[in-house]
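Take a look at the structure below.
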Amino acid sequence: MGSKIISGITSDKSVRIYVVDTTEMVEQSRIIHKATPVSTAALGRVISATSLMGRMLKSEKESITIQVKGNSDIKSIMGIGVESGNVKAYISNPDVVRPAKANGKIDVGGAVGDGHMIVIKDLGLKEPFIGRSQLVTGEIAEDLAAYYMQSEQQPSVVSLGVLMDQEIGGVVAAGGIIIQPLPNAEEDVIDKIERSIEGLPAISTLISEGKSVEEIARIALKEFDVEIMSEKSVELFCDCSRVRVEKALVSLGTTELTDILETDGQAELSCHFCNKKYLFDGENIKNIISGLDGK
Ligand code: ZN
């Protein structure tokens, strides 16, 4: 099956919609980060949001970063997306355990806490665009909608969801929806969107029932006629390399590197995003130190 994303527009050109099924991406990231159900749910929502916002970019040179920084157990989640909708993602605490909320749902908001959402759009210009907004609930979807309103004055409906198998801990379904009225839309379009999404089941429920992203777009905008503009598969990616990891070692400086050399004789670094391991043996570290001393 694989993860899939679509973009669509209503035939009256008043509203655009993006829908992504990230079930496979989120399950893969759960395995990479060895994440608990609560951490997976939070990470998965950020992955879906990043994929949707990435797909809104205009060219391959652009990228988007969503950072959620909270004062509770999770601390920090980061998603980096590109125009294809592919995402790399990181969570600082994959081990969070919390009781479910009174309604039986995973307590993502409690695990994130109060804090900020930071969105960095690198559009290939000199300076990236950086937007920052206060977290509203820590549930990610409401926070992203608030970000859009505060930072971009863009009304948006955002739905993000991850359904976990509570016994096995695996991802049953994950995905997201973003609906936005376009600038030329008539005034009553917001009401029409609200009528459309009234009673809309959670995105993860719709995916777990076997609905395709295209069907979900039509259900979510049932008051409109939706034209699908693009459909493609999406996946997790990583662009880490030995050269990049070596830069992190270089930044430690001579004293610390000499200490590592004398204590461990080698250094193993793993990529925060994909967990790939890079081993630097004693000879490698000596070379880095002599490179530093030569400066
Ligand atoms: Zn990596």
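Fair warning: this is a prediction, and the values are worked out from it, not measured in the lab. Numbering of ligands and ligand atoms starts at 1, following listing order.
No hydrogens or angles considered: a donor-acceptor pair under 3.5 Å links the side chains of Ser48 and Thr22.
Inside a sphere of radius 2.8 Å centred on the Zn ion (ligand 1), the protein N/O/S atoms present are Cys238 SG, Cys240 SG, Cys271 SG, Cys274 SG.
Under the 4.0 Å criterion applied to side-chain N and carboxylate O atoms, Lys4 and Glu214 are not assigned as salt-bridge partners.
Around NZ of Lys105, the count of heavy atoms belonging to other residues, nucleotides or ligands within 6.0 Å does not exceed 12. More than 12 heavy-atom neighbours from other residues, nucleotides or ligands sit within 6.0 angstrom of NZ on Lys232. With a 6.0 Å radius and a threshold of 12 heavy atoms from other residues, nucleotides or ligands, Lys58 has its NZ atom at or below the threshold.
In this structure, Arg16 and Met56 have side chains that are in contact, with non-hydrogen atoms separated by less than 4.5 Å.
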